[in-house]
Amino acid sequence: MIFNLKRRPQMRQVTVQFIEQVTPRVRRIVFGGETLAGFSAPRPGAHIKLLFNAAPKAPADPKKMRSQMRTYTPRHFNPDSQELTVEFVLHGDGLASTWAAQAQVGDTLTIAGPGGGMDIPDRLTTMVMLVDESAIPAAGAVLEALPANCTPIIICEVEDAREQRSLSSSIEVAPTWLFRQEQAASPGLLLESYLPNVLTSVKDFDDVFWWIACEANMMRRLRSQLLKQPGVSKDRLVSRGYWKSETSNYPDHDYGES
Ligand SMILES: Cc1cc2nc3c(=O)[nH]c(=O)nc-3n(C[C@H](O)[C@H](O)[C@H](O)COP(=O)(O)OP(=O)(O)OC[C@H]3O[C@@H](n4cnc5c(N)ncnc54)[C@H](O)[C@@H]3O)c2cc1C
């Protein structure tokens, strides 16, 4: 979903309630506030916009506002306590990453949304997810929305073994973990090298839905390789660039289709 800043979406000022350092590169931050009344993110893979350094009322200049905005996954929302959980990758320099690394209980920011997300097809028997750490929160949400008889196959590329973590508190899965640092690999490369293993493990391509979310260049390569496989069709594949190498504030709507 592209937020139309001329038709201003609902803005909610929220306050940091809890912070948990989940792994060396991931911080889980729970936000609260009365403004979260009525919030819900019913579609898995939905996103919200986080506005840093912004007053709850949007400034007049939409360009300036966009530069202060980043896209994140509403990982969990508890309607009783009105608490919203977001998991931030601490990747280094970046408005959001720096904010999350320094965040303290009591800090505030503004959120807008949610938007987007996907419809999980009915009668799905296998869901293959190829993700890097930025999409692990969304993969967890998708996982929790799968029909009971659907087998998830999840490949997670992360920096090193310390980044392994549970994808869901309610569903047990055993993802395949790929560690960039061990092989001095650039982001996404290990997902690409691992793809042939996934393809040989799939028995019937008609039963499979593919979900790719990672660095944008690599998302395109994975998408194009998958679409060359007989039995993989565009209507059973969702791909999304979650960030782009050497690009700040990459747009949130790169589905690799052009
Ligand atoms: C639908 C959607 C949902 C998302 N959900 C999450 C989420 O739940 N958690 C999360 O952590 N991210 C998530 N992302 C990714 C997040 O929006 C980007 O990583 C964003 O660029 C971070 O902003 P920043 O201000 O830290 O860095 P930016 O200012 O955007 O970028 C600064 C530099 O950091 C690099 N960079 C940005 N992100 C990464 C990264 N992940 N790894 C390595 N280098 C990076 C850029 O290439 C650039 O060189 C999501 C993206 C989308 C589209």
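Read the numbers this way: they start at 1 and go in the same order the structure lists the ligands and their atoms. All of these numbers come straight from a predicted model, not from anything done at the bench.
In terms of polar-atom proximity, defined here as any N/O pair under 3.5 Å, Gly241 makes no such contact with ligand 1. Checked against a 3.5 angstrom limit, the closest N/O atoms of Thr73 and ligand 1 fall inside it. Distances between N or O atoms of Asn249 and those of ligand 1 include at least one value under 3.5 Å. Looking at ligand 1, you'll find an N or O of Ser248 within less than 3.5 Å of one of its N or O atoms. Distances between N or O atoms of Arg25 and those of ligand 1 include no value under 3.5 Å. Looking at Phe88 next to ligand 1, no N or O pair under 3.5 Å apart turns up.
Counting heavy atoms closer than 4.0 Å to ligand 1, residue Glu87 contributes backbone atoms (N, CA, C, O) but none from C-beta onward. At a heavy-atom distance under 4.0 Å, only side-chain atoms of Arg70, from C-beta outward, approach ligand 1. Residue contacts with ligand 1 for Asp132 are absent, since no atom lies close enough (heavy atoms, distance under 4.0 Å). The backbone and the side chain of Tyr72 each have at least one atom closer than 4.0 Å to an atom of ligand 1 (non-hydrogen atoms only). Residue contacts with ligand 1, taken as heavy atom pairs separated by less than 4.0 Å, do not involve Thr98 at all.
The pair Arg236-Asp206 does not meet the salt-bridge criterion, since no charged nitrogen lies less than 4.0 angstrom from a carboxylate oxygen. No salt bridge links Glu163 with Arg25; every basic N to acidic carboxylate O contact stays at or beyond 4.0 Å. Here Arg180 does not pair with Asp132 in a salt bridge; the nearest charged N to carboxylate O distance is not below 4.0 Å.
Each of the atoms 8 (O) of ligand 1 lies under 4.0 Å from some heavy atom of Pro137. The ligand atoms of ligand 1 that sit less than 4.0 angstrom from a heavy atom of Asp93 are 32 (C), 33 (C), 34 (O). When each atom of ligand 1 is checked for a heavy atom of Arg240 under 4.0 Å away, the hits are 1 (C). Applying the 4.0 Å criterion to heavy atoms of Ala96 picks out, from ligand 1, the atoms 23 (O), 24 (P), 25 (O), 26 (O). Of all the atoms in ligand 1, the ones that sit under 4.0 Å from a non-hydrogen atom of Ser97 are 26 (O). For ligand 1 and Lys244, the ligand atoms under 4.0 Å from any heavy atom of the residue are 46 (C), 47 (O).
Ring planes of Phe88 and Tyr72: tilted class, angle from 30 to 60°.
A distance-only check finds no donor-acceptor pair linking the side chain of Arg223 to the backbone of Arg240 [under 3.5 Å].
How far CD of Gln68 is from NZ of Lys49: 13.0 Å, rounded to the nearest 0.5 Å.
Look at Ala138 and you'll find every heavy atom at least 4.0 Å from all atoms of ligand 1. Under a 4.0 angstrom heavy-atom cut-off, His253 registers as lying outside contact with ligand 1.
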